Every structure is written in C-alpha cells, then in structure tokens.
Amino acid sequence: MDTPAVELRGLARYFGERTALRDVSLVLPAGASVAVLGRNGAGKSTLLRILAALLRPHAGEVRVFGEPLPRRAFAVRARLGLLAHEPLLYSELTGRENLRYHAALHRVAERRVDEVLEAVAMERRADDPVRLLSRGMVQRLAVCRAVLHDPPLLLLDEARANLDPAASALVEPLIGRPAGRTRVLTSHDPRAALAEADLVLALRDGRVAFAGAPEGLHDDALRELYA
Amino acid sequence: MPSRSTTYGTGLRGLSIATLVVIAAALTMVFYYAPLDADQGFIQKIFYIHVPLAIVSLLGFVFGGLMAVGYLLTGDRRWDMRSYVAIHLSLIFGIGALVTGSIWAKASWGHWWVWSEPTLVSFLIVVLLFCTYQPLRFSIEDPERQSRYASVFAIVAGAFVPLNFIAVRLAQQYVHPRVLTLTGGNLPGSMMLTFLVSLIGIAMLFATLWKYEMASKNARSQVRRLRRTLLGDDALAPAGRSAAPS
Amino acid sequence: MRTALVLLRKDLRLELRTLETVPAMVLLALVTFIVFHFGLDRDTIAGQEAAGVLVATLLFAAMLGVNRLFVAEREQGGFDAFLLAPVDRSAMLLAKAAGLFIFLAALEVVAVPAFGLFLLGPSLAPPLPGLIAVLALADLAIAVIGTLVSAIAIHTRARDLIGPVIGLPLLLPALIATARAAGPLLRFTHAAGAPPGKWLAVLALYDLVFALLAYAVFDFLLED
C-alpha cells in the first residue's frame with residue numbers, strides 16, 4: 001500500500017533540441033487523482049505518453065507501481081489504461097470487433113467486452129463499423145477500450161471530449177472517481193479537471209509551474225497558466 | 001546531459017602526415033615500380049586506385065553497420081555519428097570506385113558498363129542501396145528516431161553487403177579473363193606489393209577523413225552544448241532539419 | 001505466437017472488409033502484363049525472358065502491398081494500441097510478414113494463371129510445382145524484407161518513396177535468384193524439370209538471414 005502509483009523524479013524529455021518536459025517530479029498515491037494542467041504544448045500529452053511507456057524519458061526517474069520505466073514497461077502495461085486523443089480503434093471494424101481484438105491482446109475474456117459495451121449503452125450500435133459512429137459514440141468505445149482490462153491506473157487525456165452530459169454520466173462509473181482507480185487526467189476545462197482531482201500538477205513550457213492540492217491553486221495563478 | 005568529452009582530434013596530425021606519405025609512396029610505386037600489364041598496358045594502372053577504393057568502401061559500409069549495433073545497444077548518439085560518417089564517406093569512395101571501374105571497363109573492354117562482371121554489378125547494387133541512407137535520415141524529423149531508424153538500416157544494409165556479393169556472383173559465369181581476384185592470387189609479386197601499398201594508403205585516407213569529420217562534428221556539437229548551458233535554450237538558432245546526427 | 005495470430009486475424013479481417021490491397025495488386029499485375037505485351041511487341045514469351053517479365057510484374061504488385069502494410073496502424077493508432085498491450089513486440093513482425101505472404105500468395109493465385117494465359121508460350125502445367133516452390137521462397141523474402149522496410153518507411157515523411165527505394169536494392173539478390181530459377185522452368189524444352197537447386201538454396205539462405213536480421217532489429221522500429 002505504501003508504494004505510490006506514480007512516482008516522477010526530475011523527469012526530462014526532449015524532442016531534438018526542444019524541451020518538452022524538464023525536471024518534473026510528482027508522487028501520486030494509489031487511488032488518488034492528479035489533474036495535469038497547462039496550455040496546449042505545455043507537455044501534458046508527453047507526460048501521459050511517458051507514463052504509458054510509449055515514450056522513453058531522457059532523464060530522471062519514472063516509476064509506476066514501483067516499477068521503473070521504461071525498463072520494466074512490460075510489467076506495467078497490463079495495469080494501466082490510456083485514453084488519449086485518438087480512440088485507437090480501426091474505423092473499418094465494428095466496435096465489438098475492435099474491443100474483441102483488444103481483449104485478445106490483453107488476454108481478457110470476451111465476456112468482458114459485452115459487459116463494458118452494456119455499461120456505456122453501446123450494445124445496439126456495437127456491430128456498426130466505427131467510421132459510421134458519431135464522435136461521442138467513438139469516445140464511449142474508446143473508454144471501453146481503455147478500461148477493458150480493468151487497469152488500476154488510468155491515464156485520461158481529455159477523456160470527456162465529445163461526450164454530452166448523459167454520455168459523461170454513463171462513463172462515470174468506468175473512469176470517474178467511483179471507479180476507484182488511480183487517475184492522471186487532463187482536460188481543456190481546468191475547472192472540471194480540478195473538481196475531480198486530489199492533486200494538481202500545472203505545467204508551463206515543460207516545467208512545473210505549480211504542484212499541490214487544488215485549493216492551493218488560486219484563480220489568478222490558474223488564469224496566468226492559461227494566459 | 002553528461003558530456004564525457006571525446007576528442008577525435010588526438011593523433012590527427014600524425015595520421016594525416018602518415019597518410020600523405022603512404023599515398024605518395026603508393027603513387028610512386030604505381031607509376032615507376034609496378035610493371036606494365038602485358039595485355040592492357042598503361043590503363044591497367046587504374047586498378048591500383050579502383051580496387052582499393054572499392055574494398056575500402058565496402059569495409060566502410062560494414063564498419064558503419066557495426067557502429068550502428070553500438071548505437072542500438074547503448075542509445076549513445078556518438079555511435080550513430082560514427083556510423084553516419086563511415087557510411088557517407090564510404091558512399092563517396094564507392095562512387096569513386098564505380099567511376100574508375102567504368103573508365104577501366106571502357107578502356108579494356110570497350111564499354112562503359114559490363115554486366116558480365118559480377119563484382120561490378122553487386123557493387124552497383126550496394127551503392128544504390130546506400131544512396132537511400134541520406135534520404136531516409138532526412139525524412140525523419142525526430143533526431144532520436146532518425147538515429148534509431150538509420151541504425152537499423154545500417155545494420156541490415158551492412159549485413160546485405162556480403163550476402164549480395166554471394167548471390168550475384170553465383171548468378172553469373174565468369175566470361176572475361178580477370179586480372180585479379182579479390183585475393184590477388186594470380187598477380188605477379190611487384191604488382192601485388194604495389195596493390196597492397198595502395199590499399200593501405202586508401203584505407204588510411206578513409207581513416208583520416210573519418211577522424212577529421214568526427215572531430216569537426218564533435219566540436220560543433222560541444223560548442224552548441226556549451227552555448228546552451230551558458231546562454232540558455234533560447235540563445236540557439238533552431239538547428240533546422242538535418243540528415244546528420246548532432 | 002498467439003498474439004501474432006490475433007494480429008493476423010485482425011489484418012485479414014480488415015483486408016476482407018475494405019478490399020484495399022489485394023485487388024489493387026492483382027489489377028496492377030494484369031495491367032503490367034498488357035504493358036509487357038505491347039512493350040515487347042510479343043504475343044508469347046518463354047524461358048528467361050518470361051521469368052523476367054513474371055518477376056518484374058510480381059515485384060511491382062508486391063510493392064503496393066508493402067506500402068499499405070502499416071498504414072492502418074499508423075493512421076488509426078494501431079501501433080499505440082499494440083504497444084500498450086503486454087505482449088511480445090516480435091509478434092507484429094511475424095503477423096505482418098505472414099499477412100504480406102498471404103496477400104502475395106493470393107495475388108499469384110490469379111496473376112500466375114493469367115500470365116500463363118496471356119503471355120507464356122509453353123504450357124504452364126508441367127513447370128507449375130517447381131514454380132510454386134520458387135515463388136513460395138521468393139514470397140518469403142518479399143514478405144520479410146517488405147515488412148522490415150515498410151516498418152522503417154511508415155514513420156518517414158516520404159513513406160511512399162522511402163519504402164520501395166530501400167526495398168528494391170535489398171530484394172535484388174532474391175529477385176535475381178528467382179528469375180534465374182524460374183527461367184529454365186518456363187522453357188519449351190525441358191519444362192517438367194525441377195528448379196535448379198542452387199537457386200532454391202540461395203533463396204532459402206536469403207530468407208533465413210533476413211528473417212533473423214528482421215527479428216533482431218524489428219523491436220527498435222516500434223519504440224517511439
């Protein structure tokens with residue numbers, strides 16, 4: 001229980017000579033949620049991709065469930081789910097086929113596919129090719145994909161984009177606080193993200209501009225962050 | 001980033017002078033010591049340039065592949081730089097070999113190009129393959145990915161070099177009488193000696209140029225790093241897109 | 001192995017659903033035969049010439065398949081989805097190479113009989129077993145090298161150019177061996193003979209070396 005879900009120490013990542021992240025540190029206890037805030041290009045998505053072991057850090061230490069990344073990425077993959085801008089679904093396959101494919105990759109029983117489809121009220125459109133679905137429906141399928149293997153850690157990049165309030169309520173038990181998962185979340189709407197979070201990590205040009213409890217982040221500071 | 005400083009300049013002056021001496025000796029031997037070839041006459045002397053160029057360029061390609069293995073194993077950009085410099089020098093040497101070979105073919109067989117010479121054909125294929133190395137690098141923007149993909153290419157292409165020679169040689173019968181084989185088994189002693197000195201000279205030329213370019217690239221990247229440390233990120237003009245590792 | 005099957009099944013399903021690649025490959029092959037008919041101004045060809053035409057045609061068609069191999073992964077997040085799963089990276093090499101091999105076999109099931117019908121002078125039936133053996137080994141080389149090259153090219157800006165430009169020289173020795181092996185089979189005289197063992201050995205060696213090479217380096221192409 002003592003091992004934090006996510007532990008960053010002096011994390012840095014460059015793209016060529018451009019600095020995407022520098023000296024980012026964070027300790028996220030299991031079960032807690034952190035909101036990663038910042039303007040477009042502040043390094044939010046890069047941070048999430050590093051945590052998902054899709055991108056290797058250039059300096060510093062990254063531990064997920066105590067396992068150092070990228071060395072032990074294999075051990076971490078089964079325990080995290082990523083929901084990013086792209087739904088990671090093949091547009092020519094149906095929702096059910098896509099999810100079955102992911103279920104097979106994650107060695108999850110196919111029963112689970114029907115279960116999550118039902119949870120987001122997509123069973124009736126599950127046999128349509130993804131390209132025919134509305135963006136909100138695709139996003140619901142993407143949520144299904146991210147939680148298919150019931151990961152204890154969720155990385156949510158704009159998870160509720162394209163979701164209307166009703167759909168947002170549908171996915172709440174899967175990716176919201178009630179799901180009881182550790183979460184790293186970003187949102188275009190900082191207030192919505194803050195409302196869900198126990199911790200805030202504000203990034204500015206790849207550096208930590210603020211880290212701490214949401215109450216500590218004043219409106220002025222927030223406005224400056226997005227200015 | 002930790003900067004263990006590597007200086008490729010060490011010994012460069014000595015090497016340069018030695019290279020000059022050996023090449024001068026080789027040229028002297030080519031023109032004043034080695035006998036005229038009974039069948040081909042004077043033009044055969046191009047052999048002393050052509051074959052060493054070809055051999056050194058092929059070895060350089062393989063060397064580039066080995067350096068690339070170093071990059072994939074360590075992730076250290078300097079290995080990629082070594083591989084890059086070796087390959088692009090080899091390409092220049094290789095084109096030199098093709099041109100001299102073509103001149104030789106025209107003089108002794110009457111055609112600029114002969115398909116019946118398997119060594120020449122395989123060499124052309126290898127050069128064509130390595131011609132794609134620069135375009136490949138240039139079309140990958142992220143420098144890290146560029147190094148990684150270029151290394152994968154260098155390894156595959158390096159392994160391709162001997163494989164290709166085996167396959168092409170098998171595909172063709174020897175039609176023309178060959179002045180030499182790669183082992184030079186049927187050369188008279190004085191020709192063999194001249195050839196060996198030329199080969200050493202060209203190999204030293206390759207090594208010298210390789211060291212020069214490594215020293216220059218290394219110095220440039222250290223200057224950039226120092227500027228960044230002293231003046232901050234913004235002081236640097238963006239590097240621009242480049243096929244060369246930095 | 002199991003993962004590779006999952007990937008392969010997904011790729012075949014995608015191809016069956018979209019019919020993007022194989023029909024285009026077949027069509028290109030047929031058109032190329034017509035080009036050769038007029039270009040050579042010949043109604044029938046045989047021997048080494050026929051082998052050359054067949055190999056060149058199959059190569060052009062194969063390049064289409066090579067270029068399409070990773071497009072869905074790149075454009076629809078297939079790479080990320082695969083990398084997020086706790087599975088062996090090499091499964092993708094295996095699955096993609098197997099998929100490409102199946103596409104090539106499907107192409108040849110149509111293109112080789114069409115070749116026999118349109119252009120080939122001697123009857124296709126006697127040399128067919130030998131030809132199948134040669135083409136199977138050649139397809140293996142194209143599948144392995146094509147997968148490797150396609151995986152390199154997919155992340156470059158000029159991916160439609162980089163793939164063929166790197167792939168063709170790498171394939172040349174295999175293509176030479178294929179053409180040389182098929183030539184004697186397509187002659188009028190001793191059509192029933194087995195393909196020259198030397199060429200089968202060269203092809204097999206080539207397949208083996210590149211399979212090992214690809215296995216060794218493929219993982220590095222998947223990292224971000």
Side-chain angles (χ1 to χ4, degrees), chain A residues 13 15 20 45-46 48-57 67 70 72-94 96-108 110 128-131 138 141-142 145-146 148-149 151 153-155 157, chain C residues 1-24 65 68-96 98-99 103 151 154-157 217-224:
Chain A
R13 166 79 205 195
F15 289 102
S45 297
T46 305
L48 259 62
R49 287 183 70 80
I50 288 175
L51 287 175
L54 290 175
L55 210 55
R56 55 180 61 238
E67 308 275 10
R72 298 270 302 148
F74 200 84
V76 169
R77 286 196 179 100
R79 293 198 267 167
L80 67 84
L82 172 71
L83 184 51
H85 299 283
E86 295 94 33
L88 308 189
L89 301 168
Y90 295 101
S91 57
E92 296 297 333
L93 297 182
T94 69
R96 198 186 302 276
E97 284 167 344
N98 266 301
L99 292 179
R100 283 197 173 152
Y101 167 65
H102 284 98
L105 281 185
H106 284 272
R107 317 222 157 181
V108 171
E110 287 199 356
D128 291 352
V130 168
R131 75 187 147 82
V138 174
L141 287 177
R145 185 208 30 87
L148 203 54
H149 50 298
L153 171 65
L154 267 183
L155 309 171
D157 203 353
Chain C
M1 201 59 195
R2 211 192 68 106
T3 312
L5 275 178
V6 170
L7 284 166
L8 179 61
R9 212 163 45 217
K10 182 264 301 170
D11 280 345
L12 294 181
R13 176 169 287 159
L14 269 174
E15 175 61 19
L16 282 176
R17 184 90 23 108
T18 57
L19 289 177
E20 247 172 9
T21 309
V22 175
R68 300 292 309 168
L69 202 55
F70 285 100
V71 169
E73 313 305 339
R74 172 85 168 138
E75 287 177 355
Q76 306 185 17
F79 279 125
D80 279 358
F82 176 72
L83 291 175
L84 282 169
V87 291
D88 187 9
R89 303 282 169 263
S90 306
M92 185 165 262
L93 171 67
L94 192 58
K96 289 292 177 182
F103 287 3
I154 194 69
H155 287 291
T156 63
R157 267 177 299 106
V217 298
F218 190 75
D219 286 12
F220 293 101
L221 299 175
L222 289 181
E223 276 175 34
D224 207 346

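We name chains A, B, ... by the order of the sequence lines, and we start the count at 1 in each one. Since the model is a prediction, treat every value here as computed from it, not as a measurement.
- At a heavy-atom cut-off of under 4.5 Å, chain A is reached by C:Ala72, C:Glu73, C:Gln76 from residues 68-76 of chain C, listed in order of number.
- At most 12 heavy atoms of other shown residues, nucleotides or ligands fall within 6.0 angstrom of atom CZ in A:Arg72.
- In this structure, chain C has heavy atoms under 4.5 Å from both the backbone and the side chain of A:Arg107.
- Using a 4.5 Å cut-off between heavy atoms, C:Arg2 contacts chain A through its side chain alone, with no backbone atom that close.
- The candidate from A:His106, A:His149, A:Glu86 with the greatest count of non-hydrogen atom pairs under 4.5 Å with chain C is A:His106.
- Summarising the geometry of C:Ala85 relative to A:Leu105, their closest heavy-atom pair is CB-CB, 3.8 Å, with the distance given to 0.1 Å.
- In this structure A:Ala104 satisfies the side-chain contact (heavy atoms from CB on, under 4.5 Å) test together with C:Val6, sequence neighbours excluded.
- Looking at heavy atoms from C-beta onward, C:Arg13 lies out of side-chain contact with A:Tyr101 at the 4.5 angstrom threshold.
- Heavy atoms of C:Leu5 lying under 4.5 Å from chain A are absent altogether.
- Considering CG of A:Leu82 and CG of C:Leu83, their distance stands at 11.0 Å, rounded to 0.5 Å.
- Among C:Thr18, C:Leu84, C:Thr3, the residue making the largest number of heavy-atom pairs under 4.5 Å with chain A is C:Leu84.
- Using a 4.5 Å cut-off between heavy atoms, A:Ala53 does not touch chain C at all.
- You'll find the side chain of A:Glu97 stays beyond 4.5 Å of the side chain of C:Leu14, heavy atoms only.
- In this structure a side-chain-to-backbone donor-acceptor pair under 3.5 Å is missing from A:Arg77 to C:Val87.
- Looking at A:Leu89, only its backbone comes within 4.5 Å of chain C, counting heavy atoms on both sides.
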